[in-house]
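Comments concern the structure below.
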Protein chains: 2
Amino acid sequence: MTSFSVANVSSSNQKDYLDEWEIAVIDLFLNAANSFGLPKSYGQIYGLLFCRDQSLSMDEVMKLLEISKGSASQGLRALRQLGAVSSVFEPGERKEMFVAEIRLRKLVGGFLREQADPHLDKGVGRLKQIESLVNDLEDVDARKRGVCRHEILSGWHRQMSRLLPWVKMIVGKSDRLPQKSSD
Amino acid sequence: MTSFSVANVSSSNQKDYLDEWEIAVIDLFLNAANSFGLPKSYGQIYGLLFCRDQSLSMDEVMKLLEISKGSASQGLRALRQLGAVSSVFEPGERKEMFVAEIRLRKLVGGFLREQADPHLDKGVGRLKQIESLVNDLEDVDARKRGVCRHEILSGWHRQMSRLLPWVKMIVGKSDRLPQKSSD
DNA sequence: TACTTTGTTCAAGTTTTTTTGAACAAAGTG
DNA sequence: CACTTTGTTCAAAAAAACTTGAACAAAGTA
């Protein structure tokens, strides 16, 4: 033997199986994704990357989680869009490699930006539409009721808008936690 | 005529159709329910009750929204469980009548209590399970990585637990908005 | 008791969402 | 250029979520 102990030159030198605890973590994120209204596979992918110190390729994600190419491709894209994973190009690797973002502040921020903010924006338009429909009402009492409801909804909208910045603040505090185990 | 202007003695004396603005509001809540992970019909039901000054029976909800008995029954039950609607027994009415809770603080509080808190509670168990699996690891480096991940997750859990009370606080502030239009 | 009204349950049907995998595009390599 | 590797797309299949309505239970009435 010319070079000892260097198995698997072809594939990247990573574990090609999941530890039991990793399966548990992946399952945890699977459930979390579900309750945030995201596909299970997004949670699985994030969970896997979260567990690993080293970046993984799409191919490794597919094989470790036993999911299809389509799911892996779409899941990684969406997670990157959310800021939950980022891709890196390892030197001498042709594949795109992925790592999980583990700063809660970033995760929450990305989620709010992609999910909550668009809803609030759409809300503005909807409220305007309701307002104009209400103003078209002939009957005075009916209009009074409509105006009242529109005002309530506008108030809620305002409060929600005020809440989001606070959430980002509060979650951001004391993000100082153990970093990667190696490095 | 012995008594003037008292039509519809049999059914409760309510509008039996939806105004255009009410349809828009119902649609708004339909979409909102969706993005909170609740069935569309829950949003529709809440939206309808939100629009009305007077309490509605399950039967009226079914007819106005053109949804089935099953949906109406389950939706109203779930919304009451969430604290988003409450039932009242109008004097001389055998049916149970429903009204919407319009205080945002109550709505948010109920939602967090029913949806977020249970998740956080389950999280405690999951974290313990992960911790014990990690501690079973033989390899020192592998264990170090597992411990690190468990610590990160515990930190996130703690932060989320701290966040919820703040959300309830912030949303509660200045809930002083127009109440019912009549009364 | 027999009848009516009101409300619940749940298996089956419908709709929506998610996943799959084969075809395709893009880019590196010899 | 021909060939390989890597990644995307999207129509169809599978899975999950939601809704329906008929059967049932509970409670009031005559």
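First the proteins, then the strands, lettered A, B, ... as listed; each starts at 1.
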| task | Taking only the side-chain nitrogens and oxygens of A/Arg94, find out if one of them lies under 4.0 Å from OP1 or OP2 of D/dG7. | result | no

| A/Gly37 or B/Glu96, whichever maps to the more 5' nucleotide of DNA chain C | B/Glu96

| message | Do A/Glu90 and A/Ser55 pair up side chain to side chain, a donor and an acceptor below 3.5 Å, judged on atom types alone? | response | yes

| query | Does B/Ser68 place a side-chain N or O at less than 4.0 Å from the phosphate oxygens OP1/OP2 of D/dT19? | reply | no

| Closer than 4.0 Å, any side-chain N/O of A/Lys40 to the OP1 or OP2 of D/dA16? | yes

| query | Which value, rounded to the nearest 0.5 Å, describes the distance between A/Leu112 atom CG and A/Leu82 atom CG? | reply | 10.5 Å

| task | Whole angstrom is fine here: how far is it from CE in B/Met58 over to C1' in D/dG21? | result | 12 Å

| message | Please report the distance, rounded to the nearest Å, between NZ in B/Lys95 and P in C/dT4. | response | 17 Å

| message | Quick check for you: among C/dT20, D/dT6, C/dT9, whose closest atom lies nearest to any side-chain atom of B/Gln74? | response | C/dT9

| said: Reading DNA chain D from 5' onward, which residue's closest nucleotide shows up sooner: B/Gln44 or A/Phe89? | reply: A/Phe89

| field | From C/dT18, C/dT20, D/dT8, nucleotide with atom closest to A/Pro39 side chain | value | C/dT18

| request: Starting from C1' on D/dT6, measure out to CZ on A/Phe98 and report it in whole angstrom. | output: 11 Å

| query | Atom CZ of A/Arg77 to atom P of D/dC10: distance rounded to whole Å? | reply | 10 Å

| task | Starting from the C-alpha separation in whole Å, work towards a yes-or-no answer on side chain to side chain contact (heavy atoms under 4.5 Å, CB included) for B/Glu22 and A/Arg149. | result | CA-CA 10 Å; B/Glu22 292 179 316; A/Arg149 297 307 188 276; over 6 Å; no

| field | Separation of D/dT5 P from A/Glu93 CD (nearest whole Å) | value | 13 Å

| note | In whole angstroms, the gap separating P of C/dT8 from CD1 of B/Ile67 amounts to 13 Å

| query | Think B/Ser73 has a side-chain N or O under 4.0 angstrom from the OP1 or OP2 of C/dT8? | reply | yes

| request: Please report the C-alpha distance between B/Asp27 and A/Arg126 in whole Å, then the side-chain angles of each, then the deciding distance to 0.1 Å, and finally whether the salt bridge (Lys or Arg N to Asp or Glu O under 4.0 Å) criterion is met. | output: CA-CA 10 Å; B/Asp27 187 60; A/Arg126 287 172 170 286; 3.3 Å; yes

| field | Whole-Å distance separating the CG atom of B/Leu76 from the P atom of D/dT19 | value | 13 Å

| said: Check this for me, if you would: do A/Asp59 and A/Lys63 make a salt bridge, where the nitrogen-to-carboxylate-oxygen distance has to be below 4.0 angstrom? | reply: yes

| query | Has the side chain of B/Lys69 got a donor or acceptor that lies under 3.5 Å from a partner of the other kind on the base of C/dG7? | reply | yes

| task | Take the protein atom CG of B/Leu56 and the nucleotide atom P of C/dT6, then report the distance between them rounded to whole Å. | result | 15 Å

